[in-house]
**Student:** 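Just passing along the structure, written as structure tokens.
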2 protein chains.
Amino acid sequence: MARLAIPHTTVSRLPLYLRCLDQLPVDQETVSSGEIAAALSINAAKVRKDFWYLECEGRRGVGYDIRSLVSQIGAALGLNVPLTIVIVGMGNLGMALAHYQGFASRGMILAGLYDTDARKIGETVGELVVRHPDCLAEDVRSEGVSIGVIATPAPAAQGVVDLLVKLGVTSILNFAPVVLDVPAGTTLRRVDVATELLILGYHQSNQDGGA
Amino acid sequence: MARLAIPHTTVSRLPLYLRCLDQLPVDQETVSSGEIAAALSINAAKVRKDFWYLECEGRRGVGYDIRSLVSQIGAALGLNVPLTIVIVGMGNLGMALAHYQGFASRGMILAGLYDTDARKIGETVGELVVRHPDCLAEDVRSEGVSIGVIATPAPAAQGVVDLLVKLGVTSILNFAPVVLDVPAGTTLRRVDVATELLILGYHQSNQDGGA
DNA sequence: GGGTGTGAAGCTATTCACAGCA
DNA sequence: TGCTGTGAATAGCTTCACACCC
């Protein structure tokens, strides 16, 4: 009865629940912890406890109302205020990210694309024009930026981080395969293909079905 | 004194250690748990215990021999046998992955690129030619495939998984923004941009410096 | 002094198990 | 009967603390 803070592990599962709820048949109105658990291959009690932290109310014998769930998970994640995102580095990866259609569906706003390569500057992706990172300062000031995404080659990444930090961006998602240094108060997450492949390789060579 | 199995959490940090060791000055021969911990913003005792599971031997007062560490971490990850990887889906993301230079450095072999789009089939990336997924069956049989990477649009992903599973591929890395279903015995990991952004957004809206 | 090796303690997260309600 | 809500038990990970060695 003291659901003060939401545990990190629960937070990390919330986006997954949203994903899962999206994939349910449109005419389905309620869902049980067991159904969600089966879809995600996790334990049903974990699902219920996660929802308990969010103060979601289910009906015994029935399940949870899907619409309420989506809205409460969204609220817990802070999606009432839209996230403003900029992407630095417009190689194939940056392009892939810029084309990703999933931003808008969760109320995220893609606000800027940057690259130092003169051949890329001026290209348009959707409604955005690729510009030089020098424009970041101005854009952060005028538009506000919640999250900076780093899709540059490895050697350029730390410089971009330093710039973003200097401009006051406190949340950074790094796709470059390097260990980056950020000051306290900045949240850095990384998406790392090589890491994932090596972990898969480990399970492979140990023939376990582990995650 | 009973280091039977390596904990999952330790395994997930091993690639990070490799990354970190790569970034040390080339003339440095030993490294302390404290240095690594500082670079990765984790606790030094954790680093030592991770190495302990791998039966790495450090020298008191000095640290760990970097070359030995790299080789023992690699061995623990099973890198003595190279990983053979195929990528299905040659949009921007698939292209970005295919161009990634980090495969070879860890002894991974990129063995095949597939797409159903006739306009993409026949394109070359490095030494590989993009082909139709129908070629997968033959390739898996002749070359062996350790890991299948899914870089298709969301609606196509489950079909690709089913195909890979049918062909006997037991490790899959999914980039498509969907929850996928795999049979027991298959290891599925996912890389999910939307998830990462939402988690960052949570921390942002709660102004904590959490990871 | 510096840094490892490692039991033990402390935490956190997962899972069980079952009462309670529709 | 089906499924939630939730304390209690369990399991697993992290961190401390300190003996020990260079």
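The sequence lines fix the lettering, A, B, ..., with proteins before strands; numbering per chain opens at 1.
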**Student:** Just how far, in rounded Å, is C1' of C:dG3 from OH of B:Y64?
**Tutor:**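 Distance, rounded to whole Å: 9 Å.
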**Student:** Between the main-chain N or O of A:T170 and the side-chain N or O of B:Q204, is there a donor-acceptor pair closer than 3.5 Å?
**Tutor:**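 The answer is no, because no donor-acceptor pair under 3.5 Å joins these two groups.
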**Student:** Looking only at side-chain N and O atoms, does B:S33 come under 4.0 Å of OP1 or OP2 in C:dG3?
**Tutor:**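 Looking at the OP1 and OP2 atoms of C:dG3, neither is under 4.0 Å from any side-chain N or O of B:S33.
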**Student:** Between the main-chain N or O of A:V125 and the side-chain N or O of A:E127, is there a donor-acceptor pair closer than 3.5 Å?
**Tutor:**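 Side chain of A:E127 to backbone of A:V125: no pair is present.
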**Student:** Quick one: does any side-chain atom of A:E196 pair with a main-chain N or O of B:R189 as donor and acceptor, under 3.5 Å?
**Tutor:**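 No, the answer is negative, given that no donor and acceptor are paired below the 3.5 Å cut-off.
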**Student:** Please walk me through it: do B:E138 and B:S142 pass side-chain contact (heavy atoms from CB on, under 4.5 Å)?
**Tutor:** CA-CA 6 Å; B:E138 175 59 23; B:S142 63; 4.3 Å; yes
**Student:** Going through the distances and angles, do B:T30 and B:R59 end up as a side-chain contact (heavy atoms from CB on, under 4.5 Å)?
**Tutor:** CA-CA 9 Å; B:T30 62; B:R59 296 226 318 254; over 6 Å; no
**Student:** What is the distance, rounded to the nearest whole Å, between atom CZ of A:R59 and atom P of D:dT4?
**Tutor:**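 Rounding to the nearest Å, CZ of A:R59 and P of D:dT4 are 12 Å apart.
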**Student:** Between D:dT4 atom P and A:F51 atom CZ, what is the distance in whole Å?
**Tutor:**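 To the nearest whole Å, that distance equals 9 Å.
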**Student:** Between D:dT6 and A:W52, is there an OP1 or OP2 to side-chain N/O distance shorter than 4.0 Å?
**Tutor:**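 Yes, within the criterion.
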**Student:** Rounded to the nearest angstrom, tell me the gap between atom CD in B:Q72 and atom P in C:dT4.
**Tutor:**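 So the two atoms are 14 Å apart, to the nearest Å.
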**Student:** Are any protein N/O atoms closer than 3.5 Å to N/O atoms in nucleotides 9-16 of chain C? If there are, list each pair with its distance.
**Tutor:**
residue, atom, partner, partner atom, Å
C:dT14, OP1, A:R13, NH1, 2.9
C:dT14, OP2, A:R13, NH2, 3.1
C:dT15, O4, A:K49, NZ, 3.4
C:dC16, OP2, A:N43, ND2, 3.2

**Student:** Are more than 12 heavy atoms from other residues, nucleotides or ligands located less than 6.0 Å from atom CD of B:E57?
**Tutor:**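 Count not over threshold, so no.
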**Student:** Figure out the CZ/C1' separation between B:R60 and D:dC21, and round it to whole Å.
**Tutor:**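 It works out to 5 Å between those atoms.
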**Student:** Between atom CD in B:E55 and atom P in C:dT6, what is the gap in whole Å?
**Tutor:**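 The answer, rounded to whole Å, is 10 Å.
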